[in-house]
Amino acid sequence: MELESVLKFLENKTILVTGATGFLAKIFVEKILRVQPNVKKLYLLLRASDVKSATQRLNTEILNKDLFKVLKEKMGGNFNNFVGEKICVMGGDITCEDLGVEDSNLRQQMLTQLDAIVNLAATTNFDERYDVSLYLNTMGPKYVLNFAKQCTKLKVLVHVSTAYVAGEKEGVIVESPCEMGESLNGAIGLDINNELNLLQQKLKQLQPNNSDLTNSQITLAMKDFGLQRAKEFGWPNTYVFTKAMGEMILEEEKANINVVILRPTIVTSTYKEPFPGWVEGIRTIDSMAVGYAKGKLTCFLGDLESIVDVIPADYVVNAIVVAMAVHGNDPYLNRKIYQVGSSMRNPVKYRELQEFGYRYFSMKPWINKDGKPIKVQKVTILSDMESFQRYMTIRYLLFLKGLELVNNAFCQYFQGTYLHLSRKIKYVMRLVELYRPYLFFKGV
């Protein structure tokens with residue numbers, strides 16, 4: 001689709017963006033305002049108790065970010081007036097009916113004005129509590145869809161999911177829908193209402209008045225429960241399981257709503273717009289780069305020939321904008337699902353990532369707190385789980401066992417050290433289990 005056609009579609013349009021303080025949502029908002037200043041209105045939904053706190057979050061968590069510096073330079077002294085005219089921010093919650101928007105006048109205004117909805121609200125934590133993930137990633141899309149059905153002139157609803165709803169499939173993964181109740185491993189009995197009931201039962205068992213569990217123990221139990229439910233039906237973690245169920249609801253209940261689903265792979269910093277390299281926080285793959293640069297990542301578990309499917313955030317946002325324009329202009333297009341990744345056209349293997357990291361941080365080393373550069377070495381490669389288990393046993397678990405014996409012999413004198421090391425090892429083992437599917441991923 002030509003750029004002019006996209007810009008034409010955006011002109012005088014009113015768009016609702018959920019999850020407005022999220023990484024992709026900020027880039028989306030900046031992009032629209034920068035390329036099409038004649039957009040009519042952007043309604044931004046975020047968690048806040050009232051308009052004052054919502055406005056405060058808009059300023060501190062969105063507009064004050066470096067991401068908006070190009071737009072600010074472009075608008076000059078008119079930036080605040082421009083934003084005030086184009087953006088309407090409101091507190092809400094996508095896990096509630098009417099998206100938790102309590103102001104009836106504002107709600108009615110949106111229902112009669114919205115041309116498009118972009119649902120970016122989600123939790124992307126692989127190790128999230130099952131209740132948090134199920135409500136946000138599965139039931140959230142249902143409430144967004146219910147809201148869309150009330151809109152009188154809505155042209156399109158774009159829902160951002162993840163390419164990894166495909167689980168651990170190998171080879172070329174096609175853009176097929178997640179069918180209601182269909183598992184990845186052939187297990188029968190996947191029912192979203194049943195998952196909600198099981199969740200309520202589990203929470204009841206874990207309530208503080210009914211047990212001696214602490215809040216952190218309850219959180220861990222809910223995380224484990226999510227992993228258990230995901231694996232029962234063939235998904236490797238709670239995140240992708242709940243995102244897949246969110247897609248199922250949209251597919252099953254969309255009726256006459258024009259729903260488009262985008263599935264990005266691993267989203268990284270911006271490549272070009274509004275400028276190269278903008279990222280917020282330490283994201284999934286970024287944590288590997290930072291750990292390596294600091295000299296803390298000394299070994300790598302994974303298949304060096306596996307493809308690490310990364311996609312710049314501005315590419316994802318461009319795909320959202322184009323999909324919105326294409327399907328907004330033609331609601332009868334059959335194709336409704338788009339995977340946004342790099343593994344087909346421009347694949348990067350872990351072997352190349354290893355080489356890029358070594359070359360880059362050798363030339364531009366990380367500077368530690370003492371002002372000294374950190375010298376990196378090529379990491380030890382552990383090509384399978386057996387190698388990893390041996391490595392952990394030799395390097396850490398034997399020492400931990402010895403420390404346990406010494407601790408017992410000296411009347412728990414080393415208890416603090418023992419517990420600290422034990423927690424760190426358990427944390428690493430949990431992370432490895434969570435990310436293992438993507439370190440040996442064979443899909444394209």
Side-chain angles (χ1 to χ4, degrees), residues 6-7 9-94 98-122 144 147-148 151 153-158 160 270 273-275 278 280 313-314 316-318 320-321 324-325 328:
V6 177
L7 296 180
F9 174 82
L10 294 173
E11 190 174 3
N12 207 35
K13 292 298 189 296
T14 301
I15 305 167
L16 168 64
V17 182
T18 69
T21 56
F23 177 58
L24 281 175
K26 291 171 189 173
I27 300 172
F28 175 83
V29 168
E30 191 279 340
K31 171 87 176 184
I32 299 295
L33 293 177
R34 178 166 45 82
V35 302
Q36 183 47 282
N38 292 323
V39 67
K40 185 175 182 181
K41 185 75 74 176
L42 294 177
Y43 286 99
L44 306 186
L45 185 79
L46 47 81
R47 285 179 179 269
S49 55
D50 52 36
V51 175
K52 183 180 178 182
S53 54
T55 304
Q56 186 175 5
R57 289 196 70 187
L58 169 67
N59 290 320
T60 57
E61 297 180 42
I62 301 178
L63 299 178
N64 283 349
K65 298 292 180 180
D66 282 348
L67 175 70
F68 284 83
K69 69 181 183 183
V70 174
L71 182 61
K72 286 178 180 177
E73 289 169 7
K74 180 181 177 182
M75 300 303 301
N78 194 42
F79 177 77
N80 289 334
N81 289 335
F82 174 68
V83 165
E85 178 190 340
K86 300 297 179 180
I87 290 180
C88 176
V89 67
M90 60 202 153
D93 188 340
I94 68 158
D98 292 325
L99 306 183
V101 179
E102 295 180 358
D103 186 330
S104 57
N105 291 330
L106 178 60
R107 191 166 64 242
Q108 192 58 36
Q109 194 175 299
M110 284 194 292
L111 293 177
T112 55
Q113 291 182 3
L114 285 177
D115 296 291
I117 298 174
V118 179
N119 182 32
L120 284 156
V144 172
F147 191 82
C151 296
K153 55 176 284 197
L154 191 77
K155 294 175 175 60
V156 63
L157 162 58
V158 179
V160 179
T270 56
E273 292 186 71
F275 52 86
W278 190 79
E280 190 171 46
D314 48 335
V316 179
V317 165
N318 288 346
I320 294 170
V321 175
M324 181 173 63

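- Put simply, CG on Leu114 and NZ on Lys13 are 12.5 Å apart, with the number rounded to the nearest 0.5 Å.
- Across all their heavy atoms, Leu157 and Ala148 have their closest contact at CD2-CB, 4.4 Å.
- Contact record, Ala121 with Ile94: CB-CD1, 3.5 Å, taken as the closest heavy-atom pair.
- Sorted by first and then second residue, the pairs that involve residues 61-71 and meet salt bridge (charged side-chain N to carboxylate O under 4.0 Å, His left out), not counting sequence neighbours, are Arg57-Glu61, Lys65-Glu280.
- Rounding to the nearest 0.5 angstrom, the gap separating the CG atom in Leu154 from the OG1 atom in Thr112 is 12.0 Å.
- At least one donor-acceptor pair under 3.5 Å links the side chain of Thr270 to the backbone N or O of Trp278.
- Note that CG of Leu67 and CD of Glu30 are 5.0 Å apart. Values are rounded to the nearest 0.5 Å.
- Here salt bridge (charged side-chain N to carboxylate O under 4.0 Å, His left out) pairs that include residues 98-116, with residues two or more places apart or in two chains, are Asp98-Arg107, Asp115-Lys153, Asp115-Lys155.
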Taking it one step at a time, do Arg34 and Glu273 satisfy side chain to side chain contact (heavy atoms under 4.5 Å, CB included)?
-> CA-CA 10 Å; Arg34 178 166 45 82; Glu273 292 186 71; 2.9 Å; yes
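- Within the 3.5 Å criterion, the main-chain N or O of Pro37 finds a donor-acceptor partner in the side chain of Lys86.
- When all heavy atoms of Tyr43 and Thr14 are compared, the pair lying nearest together is CE1-CG2, 3.4 Å.
- Results of the side-chain contact (heavy atoms from CB on, under 4.5 Å) test with Phe28 over Leu33, Val321, Asp314 single out Val321 as the only residue that passes.
- With Ile87 as the partner, the side-chain contact (heavy atoms from CB on, under 4.5 Å) test is satisfied by one option alone out of Ile62, Leu44, Thr55, Val17: Leu44.
- Scanning all heavy atoms of the two residues, the minimum distance from Ala48 to Ser53 falls at CB-OG, 3.6 Å.
- Rounded to the nearest 0.5 angstrom, Ile32 CD1 and Leu7 CG are separated by 9.0 Å.
- Between Phe79 and Phe68, the ring-plane angle classifies as perpendicular under the 30° and 60° cut-offs.
- Smallest separation of non-hydrogen atoms from Cys88 and Leu106: SG-CD1, 3.9 Å.
- Rounding to the nearest 0.5 Å places CD1 of Ile117 at 8.5 Å from OG1 of Thr18.
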Checking side chain to side chain contact (heavy atoms under 4.5 Å, CB included) for the pair Ile320/Leu120: CA distance, chi angles, key distance, verdict?
-> CA-CA 10 Å; Ile320 294 170; Leu120 284 156; 4.2 Å; yes
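- Of the inter-residue distances, the one linking Leu111 atom CG with Leu16 atom CG reads 10.0 Å to the nearest 0.5 angstrom.
- Ala325 approaches Phe9 most closely through the heavy-atom pair CA-CD2, 3.6 Å.
- Note on residues 37-55: pairs passing salt bridge (charged side-chain N to carboxylate O under 4.0 Å, His left out), not counting sequence neighbours, are Arg47-Asp93.
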Begin from the C-alpha positions of Leu99 and Met90 and carry the test side chain to side chain contact (heavy atoms under 4.5 Å, CB included) through to its verdict.
-> CA-CA 10 Å; Leu99 306 183; Met90 60 202 153; over 6 Å; no
Go through Asn12 and Asn38 one step at a time and tell me if the side chain to side chain contact (heavy atoms under 4.5 Å, CB included) criterion holds.
-> CA-CA 6 Å; Asn12 207 35; Asn38 292 323; over 6 Å; no
